[in-house]
K.L.:
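Sending over a structure as structure tokens; questions will come in a sec.
FYI, the numbering just counts along the sequence from 1. Only this structure's heavy atoms are used, side chains among them; waters, hydrogens and symmetry mates stay out. If you're wondering where the values come from, they're calculated on a predicted model, not measured in any experiment.
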Amino acid sequence: MPVDLNGYWKMISNDNFEEYMKALDVNIAIRKIANLLKTDKDISVDGDHMVIKTLSTFKNYNMDFHVGKEFEEDLSGVDDRKCMTTISWEGDKLVCVQKGEKEGRGWTHWVEGDTLHLELRVCGVVCKQAFQKT
């Protein structure tokens, strides 16, 4: 594993999230609520097994996966789709590719200093989030 992502991370910025959710066809009511939230990430790594918990006062989402192994991801509560997901290391970046109804869907996590970055992508739209380790 190139970098240590273990820990609890609090959101410090969230740029272009509204447009990202629009590209996913998230309904306006959910978009308005979600855009107000500051999510936290709780990440645990054990070898190639990872759990990434996205936590908020509105809704939580857990990803439990093995790096490099494709799995069916159920995005109920996010945009209510299922997709085939593969997450792998590319250098010091953890890269997710989600194959399904939406083109170019996925995300990338990486650390610079004490900041965890997350770039969310779908249909050419990019949302950039940053988190500080607590």
Side-chain angles (χ1 to χ4, degrees):
M1 179 181 69
V3 292
D4 184 10
L5 298 178
N6 278 298
Y8 196 88
W9 305 82
K10 291 191 142 308
M11 181 180 277
I12 55 174
S13 67
N14 188 9
D15 300 322
N16 209 35
F17 192 50
E18 174 83 15
E19 292 303 312
Y20 173 77
M21 289 187 293
K22 281 182 186 176
L24 286 173
D25 302 320
V26 173
N27 79 55
I28 191 166
I30 299 295
R31 285 199 322 260
K32 295 303 176 194
I33 293 168
N35 221 18
L36 296 173
L37 300 175
K38 292 259 187 202
T39 58
D40 295 340
K41 297 278 183 184
D42 187 8
I43 303 175
S44 60
V45 181
D46 183 13
D48 70 345
H49 178 241
M50 295 184 78
V51 177
I52 300 176
K53 297 177 183 176
T54 303
L55 309 168
S56 76
T57 54
F58 179 62
K59 199 172 276 189
N60 297 330
Y61 181 71
N62 296 329
M63 284 190 80
D64 188 328
F65 61 92
H66 290 271
V67 175
K69 294 183 181 173
E70 187 177 58
F71 63 97
E72 183 178 61
E73 185 176 6
D74 184 351
L75 293 155
S76 298
V78 178
D79 67 340
D80 296 324
R81 291 185 172 89
K82 290 187 179 180
C83 59
M84 295 308 294
T85 299
T86 305
I87 301 167
S88 56
W89 287 106
E90 293 182 12
D92 285 342
K93 295 183 177 185
L94 189 64
V95 178
C96 171
V97 175
Q98 297 166 313
K99 298 177 196 164
E101 293 176 37
K102 294 290 185 173
E103 287 298 314
R105 185 171 185 173
W107 51 259
T108 302
H109 266 305
W110 71 95
V111 175
E112 288 178 6
D114 60 354
T115 303
L116 173 70
H117 295 272
L118 173 60
E119 182 180 276
L120 300 159
R121 300 175 298 278
V122 66
C123 300
V125 176
V126 177
C127 168
K128 295 183 178 186
Q129 299 178 342
F131 301 82
Q132 200 76 50
K133 195 168 194 174
T134 62

K.L.:
Could you name each residue pair satisfying salt bridge (charged side-chain N to carboxylate O under 4.0 Å, His left out) that touches residues 111-129, not counting sequence neighbours?
P.N.:
Glu119-Arg121

K.L.:
Is there any ring-ring contact (aromatic ring centres under 6.0 Å, His included) pair reaching into residues 15-39, and which pairs are they, with sequence neighbours excluded?
P.N.:
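The answer is none; no pair qualifies.
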
K.L.:
What distance separates Lys102 NZ from Leu24 CG, expressed to the nearest 0.5 Å?
P.N.:
6.5 Å

K.L.:
So, for Ser44 and Asn6, which heavy atoms are closest and what is the spacing to 0.1 Å?
P.N.:
CA-OD1, 3.2 Å

K.L.:
Applying the 4.5 Å side-chain criterion to the ILVMFWY set and letting contacts propagate, would Trp89 and Ile52 be lumped into a single cluster?
P.N.:
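Per the 4.5 Å side-chain linkage, Trp89 and Ile52 are co-clustered.
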
K.L.:
Quick one: which residue pairs count as a salt bridge (charged side-chain N to carboxylate O under 4.0 Å, His left out) with a foot in residues 31-47, not counting sequence neighbours?
P.N.:
Lys10-Asp40, Glu18-Arg31, Glu18-Lys32

K.L.:
Give the other cluster members for Leu55, using side-chain heavy-atom distances under 4.5 Å between Ile, Leu, Val, Met, Phe, Trp and Tyr residues; answer none if it is isolated.
P.N.:
Tyr8

K.L.:
Not counting sequence neighbours, which residues clear side-chain hydrogen bond (donor to acceptor under 3.5 Å, both in side chains) with Ser76? List them please.
P.N.:
Asp74

K.L.:
Look up atom CG in Leu120 and atom CG in Asn14, then write down how far apart they are to the nearest 0.5 Å.
P.N.:
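With rounding to 0.5 Å, CG (Leu120) is 8.0 Å from CG (Asn14).
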
K.L.:
Under the criterion side-chain contact (heavy atoms from CB on, under 4.5 Å), which of Leu118, Leu5, Val3 is the partner of Leu94?
P.N.:
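Running side-chain contact (heavy atoms from CB on, under 4.5 Å) over Leu118, Leu5, Val3 with Leu94 returns exactly one hit, Leu5.
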
K.L.:
How would you list, by chain and number, every residue that makes a salt bridge (charged side-chain N to carboxylate O under 4.0 Å, His left out) with Lys53, sequence neighbours excluded?
P.N.:
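So Lys53 forms no salt bridge (charged side-chain N to carboxylate O under 4.0 Å, His left out) with any residue.
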
K.L.:
Considering only residues two or more places apart or on different chains, which pairs with a residue in residues 95-122 satisfy ring-ring contact (aromatic ring centres under 6.0 Å, His included)?
P.N.:
Trp107-His109, Trp110-His117

K.L.:
Closest approach of Ser88 and Val67, non-hydrogen atoms and distance?
P.N.:
CA-CG1, 3.8 Å

K.L.:
Indicate if Val97 and Met50 have the same hydrophobic cluster label, given that clusters are the connected sets of ILVMFWY residues with side-chain heavy-atom separations under 4.5 angstrom.
P.N.:
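Not linked; separate clusters.
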
K.L.:
Under the salt bridge (charged side-chain N to carboxylate O under 4.0 Å, His left out) rule, what pairs show up with a residue in residues 78-99, not counting sequence neighbours?
P.N.:
Asp25-Arg81, Glu70-Lys99, Asp79-Arg81, Asp79-Arg105, Arg81-Glu101

K.L.:
Kindly write out the residues that satisfy side chain to side chain contact (heavy atoms under 4.5 Å, CB included) with Ile33, not counting sequence neighbours, or none if the list is empty.
P.N.:
Phe58

K.L.:
Sequence neighbours left out, what passes salt bridge (charged side-chain N to carboxylate O under 4.0 Å, His left out) with Glu19? Give chain and number order.
P.N.:
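Here the qualifying residues are Lys22.
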
K.L.:
Would you say that Val51 contacts Met63 through its side chain, given a criterion of any heavy-atom pair below 4.5 Å between the two side chains?
P.N.:
no

K.L.:
List the residues meeting side-chain hydrogen bond (donor to acceptor under 3.5 Å, both in side chains) with His49, not counting sequence neighbours, and say none if there are none.
P.N.:
Asp64

K.L.:
In Å and rounded to the nearest 0.5 Å, what is the CD to OG1 distance from Gln98 to Thr86?
P.N.:
10.0 Å

K.L.:
Contact between Trp9 and Thr134 at the side-chain level, heavy atoms closer than 4.5 Å - yes or no?
P.N.:
no

K.L.:
Please say yes or no: joined through hydrophobic side-chain contacts below 4.5 Å, possibly via intermediate residues, are Leu37 and Tyr61 part of one cluster?
P.N.:
yes

K.L.:
Could you check if a side-chain atom of Phe131 sits within less than 4.5 angstrom of a side-chain atom of Ile43, using non-hydrogen atoms only?
P.N.:
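Counting from C-beta outward, Phe131 and Ile43 never come under 4.5 Å.
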
K.L.:
Apply side-chain hydrogen bond (donor to acceptor under 3.5 Å, both in side chains) to Asp48 and list each qualifying residue two or more places apart in sequence or on a separate chain.
P.N.:
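side-chain hydrogen bond (donor to acceptor under 3.5 Å, both in side chains) list for Asp48, sorted by chain: His66.
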
K.L.:
Should Cys127 and Asp15 count as side-chain neighbours, where that means a heavy-atom distance under 4.5 Å?
P.N.:
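When only atoms from C-beta onward are counted, Asp15 and Cys127 do not touch, as no gap falls below 4.5 Å.
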
K.L.:
In terms of hydrophobic clusters joined by side-chain contacts under 4.5 Å, are Val95 and Val126 together?
P.N.:
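No, it is not one cluster - the side chains of Val95 and Val126 are not joined through contacts under 4.5 Å.
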
